[in-house]
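Presented below is the structure to which this report refers.
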Amino acid sequence: MKILSSAAFLLILASASVLPRPVAGQSLASSAGPLRVETVADGLAEPWSIGFLPGGGVLVSERAGRVWHIADGIKRDLPGLPQVAAVGQGGLLDVLVPRDFAKTREILFSYARTQAGGQGTAIGVARLSDDATRLQGFRELFVMAPGSSGGRHFGGRLVEGLDGHIFLTVGDRGDRPAAQDLSRHEGSVLRLNRDGSVPADNPFVGRPGVRPEIWSYGHRNPQGATLDLSGALWVNEHGARGGDEVNRVAPGANYGWPVISYGRHYSGLPIGEGTAKPGMRQPAHYWDPSIAPSGLMIYSGRMWPEWRGDVFSGSLKFGLISRLDPDADWAEERIQGPPTARVRDIREGPQGAIWVLSVGQGALYRLTP
């Protein structure tokens, strides 16, 4: 057994805090009956993402650059990440625990980093130490091509495909025409090998002047991404004034931004050429007015069988969870209460509970029947 020095022990204590026992006095009304709300962790500053570890631990990222490990009533700060570019909407974004974590102990992160001319979205990987107190050996796997400036529309969601490839969403960075420019990464969903290299079967591999990492394009700012029950990739993305979208992502597909949209510019002027154009995909669902969607989950039905296959999205604007039923013409139920204040992430936990990360409350919640 490794013996810690007094200084090391004090350092660990300083980076950890004892959480209050999970509180279960709240509930949320829903079509499936009351949802019991447990407060798993509070005191979070601009939390962005949830990651589940085998054995019950949970990771939560904060945009300023901190990662918390939460387990057994203890919330511990994990050192070991480099400084991120916490500029505007950028910073430390998603955290992804791959399926082979038990073997590799690797964790992937998306974040904004400084580069020539501004900031760009990147992916890095680090190893969680055996005692789960720090991140080790951080290395960068991928960074988007430089050329973006400004502090908005970083995208940043990570998803591991069933075949082990990694998807990364990248927003248009406020440069609308870039989302239709295949020589740039802005406004796209990227698909990468686990080491950051390009899969040989990506749709644009071998095309001159095209970024080979691109899987789909014409996206504005996808801040939610998940797999459905068959393993297909879905994203939700911010529109402008109206026109937030849910899209089923197909390889090589063009989702239209900024040529087509169901929203309008913030000035009230129309966007592009209308709502449809040959060769450009229609959304599966859109919101008007905008809800500012973030976080996306397609539910398995383990705790609520009637919700199997339903699409859940957080809302940063209205403080709610939007539940969409694709089998009922995308009918929407809005689940709302204090725990849904500015929902940044929503995930299904290992046992089927729904986990909600509220920026408005600075808290992580667990919902059960």
The single option from Val95, Val97, Val58 passing side chain to side chain contact (heavy atoms under 4.5 Å, CB included) against Ile50: Val58
Quiz question: by atom type and distance under 3.5 Å, do the side chains of Trp257 and Asp172 form a donor-acceptor pair? yes
Taking the six-membered ring of Phe154 as reference, does the cationic atom of Arg173 (NZ for Lys, CZ for Arg) lie under 6.0 Å from its centre and within 45° of its axis? yes
Using the six-membered ring wherever Trp is involved, compare the ring planes of Phe167 and Trp215 and label them parallel, tilted or perpendicular (cut-offs 30° and 60°). perpendicular
For Arg76 and Asp131: C-alpha separation, side-chain torsions, deciding distance, then whether salt bridge (Lys or Arg N to Asp or Glu O under 4.0 Å) applies. CA-CA 12 Å; Arg76 175 176 288 115; Asp131 60 1; over 6 Å; no
Any luck finding a side-chain donor-acceptor pair between Gln223 and Arg344 under 3.5 Å? yes
Exercise: identify the closest heavy-atom pair between Gln115 and Ala145: OE1-O, 3.9 Å
With rounding to the nearest 0.5 Å, note down the distance linking CD1 in Ile166 to CG in Leu190. 12.0 Å
Quick one: does Gln282's side chain have a donor or acceptor within less than 3.5 Å of a partner on Thr275's backbone? yes
Please work out which of the three classes, parallel, tilted or perpendicular, describes the rings of Trp234 and Trp330, given edges at 30° and 60°. tilted
Examine the side chains of Gln89 and Arg152 and answer whether a donor and an acceptor come within less than 3.5 Å of each other. no
Is it the case that atom CG in Asp72 sees more than 12 heavy atoms from other parts of the structure closer than 6.0 Å? no
Check whether Thr39 reaches the backbone of Ala41 with its side chain - one donor and one acceptor, N or O, closer than 3.5 Å. no
Looking at Asp195, is its backbone amide N or carbonyl O close enough to the side chain of Asn193 to form a donor-acceptor pair, meaning the two atoms are under 3.5 Å apart? no
Kindly say whether Thr133 contributes a backbone atom to a donor-acceptor pair with the side chain of Ser129 at under 3.5 angstrom? yes
Ignoring hydrogens and geometry, is there a side-chain-to-backbone donor-acceptor pair from Ser315 to Ala292 under 3.5 Å? no
Residues two or more places apart in sequence or in another chain: which of them pass ring pair (Phe, Tyr, Trp, His ring centres under 6.0 Å) with Phe109? none
For Glu62 and Trp48, does a side-chain donor sit closer than 3.5 Å to a side-chain acceptor? no
Donor-acceptor pair, Ser216 side chain versus Gly252 backbone, under 3.5 Å? no
Please tell me if the side chains of Leu81 and Leu92 come closer than 4.5 Å, counting only heavy atoms from C-beta onward. yes
Inspect the contact between Arg191 and Glu213 and indicate whether a charged nitrogen and a carboxylate oxygen are less than 4.0 angstrom apart. no
If we ignore hydrogens and angles and just use 3.5 Å, is the side chain of Asp181 paired with the main-chain N or O of Ser183 as donor and acceptor? yes
Given Val170 and Leu168, is the side-chain contact (heavy atoms from CB on, under 4.5 Å) satisfied, shown in steps? CA-CA 7 Å; Val170 181; Leu168 170 69; 4.1 Å; yes
Minimum heavy-atom separation for Pro199 and His165, please, with both atom names. CG-CD2, 3.5 Å
Got a second to check how far Leu364's CG is from Trp355's CH2, nearest 0.5 Å? 5.5 Å
Over all atoms of both residues, closest heavy-atom pair of Trp307 and Ser31: NE1-OG, 3.6 Å
So Ile70 and Val60, do their side chains get closer than 4.5 Å, heavy atoms only? yes
Supply the atom-to-atom distance Thr226 OG1 to Leu233 CG, rounded to the nearest 0.5 angstrom. 8.0 Å
Taking atom types as modelled, is there a side-chain donor on Tyr111 or Gln119 under 3.5 Å from an acceptor on the other? no
Side-chain donor/acceptor of Ser110 to backbone N/O of Asp94, under 3.5 Å: yes
Main-chain N/O of Gly239 paired with Arg220 side-chain donor or acceptor, under 3.5 Å: yes
With rounding to the nearest 0.5 Å, note down the distance linking CG in Leu324 to CD in Glu333. 10.0 Å
What distance do Ser261 atom OG and Asp288 atom CG have between them, rounded to the nearest 0.5 Å? 9.0 Å
Could you walk me through whether Leu357 and Val343 satisfy the side-chain contact (heavy atoms from CB on, under 4.5 Å) test, starting with their C-alpha distance in whole Å, then the side-chain angles of each, then the deciding distance to 0.1 Å, before giving a yes or no? CA-CA 6 Å; Leu357 196 56; Val343 174; 6.0 Å; no
Where do Val235 and Ala225 come nearest, in terms of heavy atoms and distance? CG1-CB, 4.0 Å
With rounding to the nearest 0.5 angstrom, report the NE2 to CG distance, His285 to Asn236. 10.5 Å
Between Asp100 and Arg194, does at least one N-O distance fall below 4.0 Å, as a salt bridge requires? yes
So do Asp345 and Arg157 actually touch side chain to side chain, heavy atoms under 4.5 Å? yes
Taking it one step at a time, do Gln180 and Tyr217 satisfy side-chain contact (heavy atoms from CB on, under 4.5 Å)? CA-CA 7 Å; Gln180 291 293 319; Tyr217 64 107; 3.8 Å; yes
pair Leu35-Ser27: side-chain heavy atoms closer than 4.5 Å: no
Taking all non-hydrogen atoms of both residues into account, name the closest pair between Ala116 and Pro146 and its distance. O-CB, 3.8 Å
List the steps and the verdict of side-chain hydrogen bond (donor to acceptor under 3.5 Å, both in side chains) for Asp42 and Gln361. CA-CA 8 Å; Asp42 55 14; Gln361 299 289 1; over 6 Å; no
Checking Thr121 against Arg113: is there a side-chain donor and acceptor pair closer than 3.5 Å? no
When clusters are formed by joining ILVMFWY residues with side-chain heavy atoms under 4.5 Å apart, either directly or through shared neighbours, do Val125 and Val143 land in the same one? no
Over 12 non-hydrogen atoms of neighbours within 6.0 angstrom of CZ in Arg63: yes
Can you see which heavy atom on Ala86 is nearest to which on Ala64, and at what distance? CB-CA, 4.3 Å
Test Leu141 against Arg139 for side-chain contact (heavy atoms from CB on, under 4.5 Å), laying out the working first. CA-CA 6 Å; Leu141 298 179; Arg139 65 188 189 278; 4.2 Å; yes
So which pairs with a foot in residues 293-318 pass salt bridge (Lys or Arg N to Asp or Glu O under 4.0 Å), sequence neighbours left out? Arg302-Glu348, Asp310-Arg323
Using side-chain hydrogen bond (donor to acceptor under 3.5 Å, both in side chains), reason through Glu332 and Ser322 one step at a time and then give a plain yes or no. CA-CA 7 Å; Glu332 182 182 37; Ser322 172; 2.5 Å; yes
Sub-3.5 Å donor-acceptor pair from the side chain of Tyr299 to the main-chain atoms of Met303, do we have one? yes
Under the salt bridge (Lys or Arg N to Asp or Glu O under 4.0 Å) definition, can you give me all pairs with a residue in residues 227-255, not counting sequence neighbours? none
Can you list the steps and then say if Ser148 with Glu186 is a side-chain hydrogen bond (donor to acceptor under 3.5 Å, both in side chains)? CA-CA 8 Å; Ser148 294; Glu186 289 90 334; 2.5 Å; yes
His238 and Pro293, any side-chain heavy atoms less than 4.5 Å apart: yes
